[in-house]
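Reading through the structure tokens given below for one structure.
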There are 2 protein chains.
Amino acid sequence: MVGIRAQQKEKTRRQLIDAALGQLSSERSFSSLSLREVAKEAGLAPTSFYRHFSDMDELGLTLVDEAGLTLRQLMRQARQRIEKGGSVIQISVQTFMEFIESNGNIFRLLLRERSGTSAAFRAAVNREISFFTLELCDYLQQANKLDAEVAYLQANAAVTIVFSAGSDALDADKKEREQLAYRTIQQLRFIARGAMELALRKESNKSLPSS
Amino acid sequence: MVGIRAQQKEKTRRQLIDAALGQLSSERSFSSLSLREVAKEAGLAPTSFYRHFSDMDELGLTLVDEAGLTLRQLMRQARQRIEKGGSVIQISVQTFMEFIESNGNIFRLLLRERSGTSAAFRAAVNREISFFTLELCDYLQQANKLDAEVAYLQANAAVTIVFSAGSDALDADKKEREQLAYRTIQQLRFIARGAMELALRKESNKSLPSS
DNA sequence: TAAAATAGCGTACACATGTACACCTAAATT
DNA sequence: AATTTAGGTGTACATGTGTACGCTATTTTA
């Protein structure tokens with residue numbers, strides 16, 4: 001039995017979260033939201049906010065978690081598409097761009113708080129991105145039989161490139177986004193190719209350490 | 001003749017700029033500064049602020065310009081070092097890391113406002129970064145005889161990677177920064193190598209379009 | 001069924017903010 | 001020398017903020 005009370009509480013907690021997410025936009029960052037605004041949007045008295053979060057910071061960290069969740073759903077979705085065949089890089093970029101289009105504000109939250117003024121926020125965002133990176137790293141190691149270090153470097157670089165493109169996509173129109181996607185794909189190919197070549201060289205250096 | 005008045009005005013204008021820059025830190029962003037705080041730090045009455053800037057936004061854009069200037073000085077410095085010989089990538093990364101170390105707050109300003117809530121700020125920052133990228137692009141085209149498009153893609157990717165590493169460096173200690181620099185160098189090599197390989201392939205496709 | 005716990009409300013307060021306005025003083029212009 | 005211009009000041013006000021405190025109503029617990 002969940003208790004009618006706990007149920008209600010969870011519901012208004014969600015209202016607060018959704019209210020905050022709903023107020024995010026290209027000209028409104030989380031840090032510019034006030035406790036009162038969020039409470040009002042959620043249909044609550046300002047002081048009721050405290051029944052759910054001790055702080056706006058606590059709400060913010062919850063939002064970052066939420067965003068991380070969305071990011072992981074994204075990965076799952078990309079993997080599913082990849083299994084059906086096609087260029088891994090192309091499908092990944094396309095999937096990511098679709099994500100940006102429909103989850104712009106969540107992505108903005110991550111981008112902004114990653115360089116924000118709260119060390120806790122920065123750490124939380126980096127944690128989520130690092131999950132993302134490590135998953136990609138595993139994939140690369142398995143699919144391309146890459147050395148662990150090289151795979152990590154490639155994954156890290158790829159995520160950086162894709163996130164940066166996502167950031168640019170936020171301010172771009174449809175046509176620009178297509179160009180952006182195309183360029184991003186090229187850049188990811190540079191990285192993949194370079195990683196492969198240099199990994200091979202590393203490999204041969206191992207067997208011929210004197211060369 | 002400059003006029004003792006114009007001279008004084010320029011001086012207190014600088015005081016405002018320096019006051020703002022001086023208040024920036026890892027836990028204080030430009031957007032979190034208030035007009036009153038900046039005026040106070042500059043030793044001015046709040047209302048005197050308006051004699052120099054109509055807005056905090058106007059001050060902010062001035063700071064971004066200032067930051068862009070610093071960025072260009074950085075490039076010049078890197079070029080000088082490169083002329084004296086050594087690995088281009090290694091020297092560039094090292095120079096950039098030194099820049100971060102002594103100009104952390106200026107770099108933070110760029111990072112933050114790039115994803116900030118003001119379209120004007122975002123545009124201004126992107127303009128500065130794009131200068132940076134185009135300079136690198138020219139260099140790559142000239143030094144490596146690269147195709148214009150490939151050179152741009154490589155320059156863009158490289159700048160993205162380096163800025164991202166810079167962002168990470170801001171929260172890192174000395175040892176982590178060294179590792180970060182090492183990894184960044186590897187990643188830039190991936191990109192350079194990949195760009196070269198794929199540019200060659202593109203070249204051969206031109207002469208043998210049927211293959 | 002009585003008592004305790006708790007989500008939500010309204011009031012209230014101290015504080016910081018941007019900026020309008022009138023004023024002063026010294027440099028610049030005439 | 002007389003007048004205008006303009007950087008700087010202090011006062012004042014409306015507005016928004018976080019949050020302490022006491023209250024109510026309803027669910028939960030004993």
Side-chain angles (χ1 to χ4, degrees), chain A residues 1-25 27-63 112-113 116-121, chain B residues 1-25 27-63 112-113 116-121:
Chain A
M1 178 186 158
V2 268
I4 194 170
R5 195 157 214 163
Q7 206 172 329
Q8 254 302 330
K9 180 162 187 179
E10 183 53 33
K11 188 177 162 190
T12 71
R13 185 187 142 98
R14 260 250 74 83
Q15 282 174 350
L16 281 170
I17 293 175
D18 291 341
L21 279 178
Q23 309 219 30
L24 295 180
S25 72
E27 47 267 308
R28 211 81 166 71
S29 69
F30 177 76
S31 58
S32 81
L33 296 182
S34 74
L35 182 154
R36 289 173 106 106
E37 279 177 308
V38 174
K40 188 173 193 175
E41 178 78 10
L44 277 186
T47 47
S48 301
F49 180 95
Y50 297 108
R51 302 292 185 194
H52 302 273
F53 302 97
S54 72
D55 234 21
M56 277 295 283
D57 277 13
E58 203 173 303
L59 208 204
L61 290 174
T62 306
L63 291 191
R112 284 174 174 154
E113 299 311 326
T117 53
S118 154
F121 273 54
Chain B
M1 178 183 160
V2 270
I4 194 170
R5 196 158 213 162
Q7 208 173 327
Q8 256 301 330
K9 180 163 187 180
E10 183 54 33
K11 189 177 161 192
T12 70
R13 185 186 142 97
R14 261 250 73 84
Q15 283 174 350
L16 281 170
I17 292 175
D18 291 341
L21 279 178
Q23 311 219 35
L24 295 180
S25 73
E27 48 266 309
R28 211 79 166 72
S29 70
F30 177 77
S31 57
S32 81
L33 296 182
S34 74
L35 182 153
R36 289 174 105 107
E37 279 176 308
V38 174
K40 187 173 193 172
E41 178 79 9
L44 278 185
T47 49
S48 301
F49 181 94
Y50 297 109
R51 304 291 184 193
H52 303 272
F53 303 98
S54 69
D55 238 14
M56 278 294 281
D57 276 13
E58 204 172 301
L59 208 204
L61 290 174
T62 305
L63 291 191
R112 284 173 174 157
E113 299 310 327
T117 54
S118 154
F121 273 54

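Naming: A, B, ... by sequence-line order, numbering from 1 per chain.
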Close side-chain approach of A/Leu44 to A/Val38, heavy-atom, < 4.5 Å: no
Just by protein heavy atoms under 4.0 Å, how would nucleotides 20-25 of chain D read 5' to 3' in B, S and -? BB----
Just so I know, are the side chains of B/Phe30 and B/Met56 near enough to count as touching, which here means a heavy-atom distance under 4.5 Å? yes
Can you name the side-chain contact (heavy atoms from CB on, under 4.5 Å) partners of A/Ala42, sequence neighbours left out? A/Gln15, A/Leu16, A/Ala19
Side chain to side chain donor-acceptor pair (under 3.5 Å) filter on B/Thr62, not counting sequence neighbours, yields none
Taking only side-chain nitrogens and oxygens of A/Ser48, does any of them come within less than 4.0 Å of OP1 or OP2 of C/dA7? no
For residues A/Arg36 and A/Pro46, report the shortest heavy-atom separation together with the two atoms involved. CG-CB, 4.1 Å
Can you tell me how far C1' of D/dT19 sits from CG of A/Leu59, to the nearest Å? 16 Å
Answer whether the closest heavy-atom distance between the side chains of A/Ile17 and A/Phe53 falls below 4.5 Å. yes
Find which nucleotide of DNA chain C each of A/Leu44 and B/Ala6 is nearest to by heavy atoms, and output the residue with the more 5' nucleotide. A/Leu44
Find the distance B/Asp57:CG to C/dG18:P and express it as a whole number of Å. 11 Å
Where at least one partner belongs to residues 48-58 of chain B, residue pairs that pass side chain to side chain donor-acceptor pair (under 3.5 Å), sequence neighbours excluded: B/Thr12-B/His52, B/Ser54-B/Glu58
Within this structure, what is the NZ-to-C1' distance between B/Lys9 and D/dA6, rounded to whole angstrom? 8 Å
Starting at atom CZ of A/Phe49, determine the distance to atom P of D/dG18, rounded to an integer number of angstrom. 9 Å
Where each residue is assigned the nucleotide of DNA chain C containing its nearest heavy atom, which of B/Met56 and A/His52 is assigned the position nearer the 5′ end? A/His52
Partners passing side chain to side chain donor-acceptor pair (under 3.5 Å) against B/Glu37 (at least two apart in sequence or in another chain): B/Arg28, B/Ser34
Measure the distance from CZ on A/Arg13 to P on C/dG8 and round it to the nearest whole Å. 12 Å
Round to a whole Å and report the spacing from CD of B/Gln7 to P of C/dA28. 9 Å
Only counting residues at least two apart or in another chain, list the ones meeting side-chain contact (heavy atoms from CB on, under 4.5 Å) with A/Ser31. A/Ser29
Could you write out each protein N or O paired with an N or O of nucleotides 15-17 of chain C at a distance under 3.5 Å?
{"unit_1": "C/dT17", "atom_1": "OP1", "unit_2": "B/Ser34", "atom_2": "OG", "d": "2.8"}

Nearest whole angstrom, please: distance from the C1' of C/dT25 to the CD of B/Gln8. 14 Å
Closest approach of A/Ala39 and A/Ala45, non-hydrogen atoms and distance? CB-O, 4.0 Å
Nucleic acid contacts of residues 15-24 of chain B, taken as heavy-atom distances under 4.0 Å to DNA chain D: none
For residues 6-18 of chain A, which residue pairs qualify under salt bridge (Lys or Arg N to Asp or Glu O under 4.0 Å), counting only residues two or more places apart or in two chains? A/Arg14-A/Asp18, A/Arg14-A/Glu66
What is the distance, to the nearest angstrom, from the CD1 atom on B/Ile4 to the P atom on D/dT5? 21 Å
